[in-house]
Visitor: 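A single structure is presented below for examination.
Please read all numbers here as calculations on a predicted model, not as lab measurements. Whatever order the structure lists them in is the order used to number ligands and atoms, beginning at 1.
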Amino acid sequence: MDQTSYRTLDAGGIRAFLAGLPAIATRLGGLAEQWQVREVSDGNLNNVFLITGPAGEVCLKQSLPHVRVDPSWKMPLDRTHFEAAWLCAIGPLVGGLTTEYLHFDPVLYVLVVESLSGHTVLRTALMQGADWPEVAPRIGMFVARACFGTSLLARPFEDVFDARRLFAANQALTRITLDLVFDDPYRDHPRNHWHDSALSPIVLDIRTSAATLLAVENLRRRFLSQPQALLHGDLHTGSIMSTADDTRVIDGEFALYGPIGFDCGMFVGNLVLHFFATPDLAARQAVLRDIDGFWRSFHAQFTALWNADDAPPPGTLRPLAYGPAAHVAQQAFMDEVMGDTIGFAAIEIIRRLIGYAHTADFDSITDPRLRATCRAGALAFAYYVLDHLADMRTIADFLSCLEENERKGLSIRA
Ligand SMILES: Nc1ncnc2c1ncn2[C@@H]1O[C@H](COP(=O)(O)OP(=O)(O)OP(=O)(O)O)[C@@H](O)[C@H]1O
Ligand SMILES: [Mg+2]
């Protein structure tokens, strides 16, 4: 790829660039000089802009040769290439649960997608008290459709192997996940930080518990060695934009082939962070409902696709066994995904509390003592889960454990 003409676009550069793309210029309408360019970057990595014309709006994302919030941390530009490839792969599978792909430029590393300016980032909406019961089931549907449709259950192995080869090159971002999620939090590293000294004894417990560290090692190995499906790879509540009626998954730049429970676990882990960050009992009950609703929807959709009567494409692995034994084998596969989900959820909670990239959920708690208690509750819960993975046989076990923690948390808060 030609990297010699890469330049970071400012508002003028964005207008000139989009004016050269007839379909997008028509979508915006009017003259390029009339287009409003508004920066909405709020993540760590890329520049993101919304461009509004008299007839419509688009969203433009450009990768930088470094981490946006830390120019000294150099990074290859190709992450928008992988986000574009992910969007093209899963867009046709997920029935409108992501953004419409409009254009990718391989020299400027610019991705243009449909604008969702009427939607709110789910993490922000949750912090503002939104209670949208349909969102979590929609995410379950999204993960089921994207994962099933990119797996060996739905495609000939030749297609899957080609896709695996493409996404296996997304190594810079897979390295970030490996280091920031699975490694740094479990040892001293300058990128780690936590705000409350109340977390320090739990951090020490986590780092000195052989059982916990072996559980993390096992999940890390599974993350790299179980290429079950094309994952989003960073499915936290900041990678979802929603209204009450319409939900979209964005930001697939971390896409890779991996264990399906990784995407499920990222989402569930971030719901749990919100659970511990909200002092409102009804909102906490809503999180329990959402985790349950997510899993039920994922399970129902994934198994429905698996058991559907439509003929799979020629060359797809043909079932060799039918009847009760096949049903038991399918259940074993779903249980394995569930076990991964619970483990990866715990890992995500830990890294968001003591690693590099924290989430904003706890910032809305103004009392510092309460904030520390809530963060410590979340960290202690994740530690407990990793030490008791073998006892968590169902999502209901996981939810009872959360409720149990809630009861303990309430007595601490009182
Ligand atoms: N299609 C869209 N329409 C409207 N706003 C969007 C759209 N895509 C992204 N945004 C806004 O831009 C922000 C940053 O987008 P995105 O998360 O893709 O960037 P990023 O740099 O990859 O972030 P991160 O560092 O978290 O990975 C989002 O939080 C959202 O507010
Ligand atoms: Mg991103």
Side-chain angles (χ1 to χ4, degrees), residues 8-9 14 18 24 27-28 35-53 56-71 73 75-87 90-91 94 96-104 109-128 130 170 172-177 179-181 191 231-243 246-256 263 266-267 269-270 273 348 351-352 355-361:
T8 305
L9 297 180
I14 288 172
L18 294 180
I24 291 176
R27 192 175 175 119
L28 292 170
W35 298 343
Q36 307 263 321
V37 178
R38 178 160 56 100
E39 180 162 9
V40 290
S41 326
D42 64 3
N44 291 322
L45 293 179
N46 309 289
N47 281 351
V48 183
F49 297 89
L50 298 184
I51 301 91
T52 316
E57 189 168 83
V58 296
C59 174
L60 179 147
K61 181 166 181 176
Q62 183 175 35
S63 31
L64 305 168
H66 53 78
V67 172
R68 186 179 75 88
V69 295
D70 180 0
W73 187 344
M75 188 146 293
L77 294 162
D78 55 11
R79 52 197 183 274
T80 39
H81 157 73
F82 291 108
E83 183 166 342
W86 168 82
L87 204 46
I90 61 99
V94 298
L97 289 167
T98 187
T99 45
E100 185 191 351
Y101 167 88
L102 298 175
H103 184 79
F104 176 68
Y109 290 92
V110 160
L111 171 65
V112 186
V113 298
E114 167 192 12
S115 167
L116 302 171
S117 62
H119 291 56
T120 308
V121 172
L122 180 59
R123 190 186 309 284
T124 311
L126 289 171
M127 288 174 67
Q128 291 168 348
N170 194 7
L173 293 204
T174 301
R175 167 56 64 189
I176 289 189
T177 303
D179 290 350
L180 268 55
V181 178
R191 282 192 292 240
L231 308 184
H232 176 279
D234 194 23
L235 191 54
H236 58 90
T237 47
S239 293
I240 296 162
M241 295 188 74
S242 197
T243 65
D246 186 60
T247 302
R248 314 292 190 94
V249 174
I250 64 164
D251 196 15
E253 62 189 335
F254 281 82
L256 80 163
D263 270 1
M266 291 284 113
F267 181 62
N270 280 272
L273 285 166
E348 170 70 356
R351 75 95 165 205
R352 293 293 186 186
Y356 176 74
H358 293 207
T359 60
D361 304 75

Visitor: Within a strict 4.5 Å, meaning less than it, do heavy atoms of the Arg123 and Asp361 side chains meet?
Guide: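 Yes, their side chains come closer than 4.5 Å.
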
Visitor: Please work out, at 4.0 Å between heavy atoms, whether the side chain, the backbone, both, or neither of Ile250 comes within that distance of ligand 1.
Guide: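 Within the 4.0 Å criterion, Ile250 contacts ligand 1 through side-chain atoms alone.
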
Visitor: At less than 2.8 Å, would any N/O/S atom of Glu253, backbone or side chain, sit next to the Mg ion (ligand 2)?
Guide: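 Given the 2.8 Å cut-off, Glu253 counts as a ligand of the Mg ion (ligand 2).
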
Visitor: Measure across Val48 and Ser41 and return the closest heavy-atom pair with its distance rounded to 0.1 Å.
Guide: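 The pair with the smallest heavy-atom distance is N-OG, 3.0 Å.
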
Visitor: For Val40, counting its heavy atoms only, list the atoms of ligand 1 lying under 4.0 Å from any of them.
Guide: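 Selected atoms, number and element: 11 (C), 12 (O), 13 (C).
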
Visitor: Side chains of Glu83 and Asn46 only: does a donor on one sit below 3.5 Å from an acceptor on the other?
Guide: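 No.
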
Visitor: Examine Asp234 and say whether one of its N/O/S atoms is closer to the Mg ion (ligand 2) than 2.8 Å.
Guide: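 No - counting backbone and side chain alike, Asp234 has no N, O or S atom under 2.8 Å.
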
Visitor: Mark up the atoms of ligand 1 that fall under 4.0 Å of a heavy atom belonging to Val121, in ascending order.
Guide: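 The list of qualifying atoms is 29 (O), 30 (C), 31 (O).
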
Visitor: Any nitrogen or oxygen of Asn46, main chain or side chain, under 3.5 Å from a nitrogen or oxygen of ligand 1?
Guide: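 Yes.
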
Visitor: Under 3.5 Å between any N/O of Asn44 and any N/O of ligand 1: does that happen in this structure?
Guide: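 Yes; the residue has a nitrogen or oxygen that sits under 3.5 Å from a nitrogen or oxygen of the ligand.
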
Visitor: To which protein heavy atom is atom 13 (C) of ligand 1 closest, and what is the distance rounded to 0.1 Å?
Guide: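 Atom 13 (C) of ligand 1 sits closest to the protein heavy atom Asp42 OD1, 3.1 Å.
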
Visitor: Would Leu45 count as a polar contact of ligand 1, with the cut-off being nitrogen or oxygen pairs under 3.5 Å?
Guide: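 Between Leu45 and ligand 1, an N or O pair is found under 3.5 Å apart.
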
Visitor: State, with a plain yes or no, whether a side-chain heavy atom of Phe82 is found less than 4.5 Å away from one of Leu173.
Guide: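 The answer is no, as the side chains (C-beta and beyond) never meet within the 4.5 Å cut-off.
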
Visitor: Does any N/O atom on Glu114 come nearer than 3.5 Å to any N/O atom on ligand 1?
Guide: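 Yes, Glu114 has an N/O under 3.5 Å of an N/O on ligand 1.
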
Visitor: First locate atom OH of Tyr109, then atom CG of Leu77, and finally report the distance between them rounded to the nearest 0.5 Å.
Guide: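 It is 6.0 Å, given to the nearest 0.5 Å.
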
Visitor: Tell me if the CD atom of Gln36 is crowded by more than 12 foreign heavy atoms within 6.0 Å.
Guide: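 Atom CD in Gln36 is not packed in, count stays at 12 or less.
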
Visitor: Please verify whether a non-hydrogen atom of Glu83 lies at under 4.0 Å from ligand 1.
Guide: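 No, Glu83 has no heavy atoms under 4.0 Å from ligand 1.
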
Visitor: Just to confirm my output: which protein heavy-atom neighbour is closest to atom 15 (O) of ligand 1, and how far is it?
Guide: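 Ranked first by proximity to atom 15 (O) of ligand 1 is Val48 CG2, 3.7 Å.
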
Visitor: Set out, in order, the CA-CA distance, both residues' side-chain angles and the distance that settles side chain to side chain contact (heavy atoms under 4.5 Å, CB included) for Glu114 and Arg27, then state yes or no.
Guide: CA-CA 10 Å; Glu114 167 192 12; Arg27 192 175 175 119; 4.2 Å; yes

Visitor: Could you list the atoms of ligand 1 found under 4.0 angstrom from a heavy atom of Gly43?
Guide: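 That gives atoms 23 (O), 24 (P), 25 (O), 26 (O) of ligand 1.
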
Visitor: Of the backbone atoms (N, CA, C, O) and the side-chain heavy atoms from C-beta on, which set of Leu116 has a member under 4.0 Å from an atom of ligand 1: side chain, backbone, both, or neither?
Guide: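 For Leu116, the contact with ligand 1 is made by both the backbone and the side chain.
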
Visitor: Short list, please: which atoms of ligand 1 are under 4.0 Å from a heavy atom of Leu50?
Guide: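 That gives atoms 3 (N), 4 (C), 5 (N) of ligand 1.
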
Visitor: Is there side-chain contact between Phe254 and Ile176, with at least one heavy-atom pair below 4.5 Å?
Guide: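 Yes - at least one pair of side-chain heavy atoms lies under 4.5 Å apart.
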
Visitor: Counting only heavy atoms closer than 4.0 Å, does ligand 1 sit against the backbone of Arg248, its side chain, both, or neither?
Guide: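 It is neither; nothing of Arg248 touches ligand 1.
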
Visitor: Do Glu253 and Lys61 touch side chain to side chain, with heavy atoms closer than 4.5 Å?
Guide: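 Of all side-chain heavy-atom pairs linking Lys61 with Glu253, at least one is under 4.5 Å.
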
Visitor: Does any N or O of ligand 1 fall below 3.5 Å from an N or O anywhere on Lys61, backbone included?
Guide: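 Yes, Lys61 has an N/O under 3.5 Å of an N/O on ligand 1.
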
Visitor: So do the side chains of Glu348 and Asp234 get within less than 4.5 Å of each other, counting heavy atoms only?
Guide: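 Glu348 does not reach Asp234 side chain to side chain.
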
Visitor: Which atoms of ligand 1 are found less than 4.0 Å from any heavy atom of Val113?
Guide: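 Here the atoms of ligand 1 in question are 1 (N).
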
Visitor: Return the closest protein heavy atom for atom 7 (C) of ligand 1 as residue, atom name and distance.
Guide: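 The closest heavy atom on the protein side is Cys59 SG, 3.5 Å.
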
Visitor: Can a donor-acceptor pair be found, under 3.5 Å and without considering hydrogens, that links the side chain of Asn170 to the backbone of Ala255?
Guide: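 Pair found, side chain donor or acceptor close to backbone of Ala255.
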
Visitor: May I ask you to test the His103-Val58 pair for a side-chain heavy-atom distance under 4.5 Å?
Guide: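 Counting from C-beta outward, His103 and Val58 never come under 4.5 Å.
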
Visitor: If you measure from each non-hydrogen atom of His119 to ligand 1, which part falls under 4.0 Å: side chain, backbone, both or neither?
Guide: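 The answer is neither; His119 stays 4.0 Å or more away.
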
Visitor: Nearest protein heavy atom to atom 6 (C) of ligand 1, by residue and atom, and its distance?
Guide: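 Of every protein heavy atom, Met241 SD, 3.6 Å lies nearest to atom 6 (C) of ligand 1.
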
Visitor: Heavy-atom distances under 4.0 Å decide this one: backbone, side chain, both or neither, for Glu253 against ligand 1?
Guide: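 Looking at Glu253 and ligand 1, just side chain atoms fall under 4.0 Å.
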
Visitor: Is any side-chain heavy atom of Thr98 closer than 4.5 Å to one of Trp86?
Guide: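 In contact.
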
Visitor: Can Ser115 be said to touch ligand 1, with heavy atoms closer than 4.0 Å?
Guide: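 It does; at least one heavy atom falls under 4.0 Å.
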
Visitor: Among protein heavy atoms, which sits nearest to atom 17 (O) of ligand 1, and what does the distance come to when rounded to 0.1 Å?
Guide: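 In this structure, atom 17 (O) of ligand 1 has Asp251 OD2, 3.2 Å as its nearest protein heavy atom.
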
Visitor: Is the ring centre of Trp73 less than 6.0 Å from the ring centre of Tyr356?
Guide: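 Yes, ring centres under 6.0 Å apart.
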
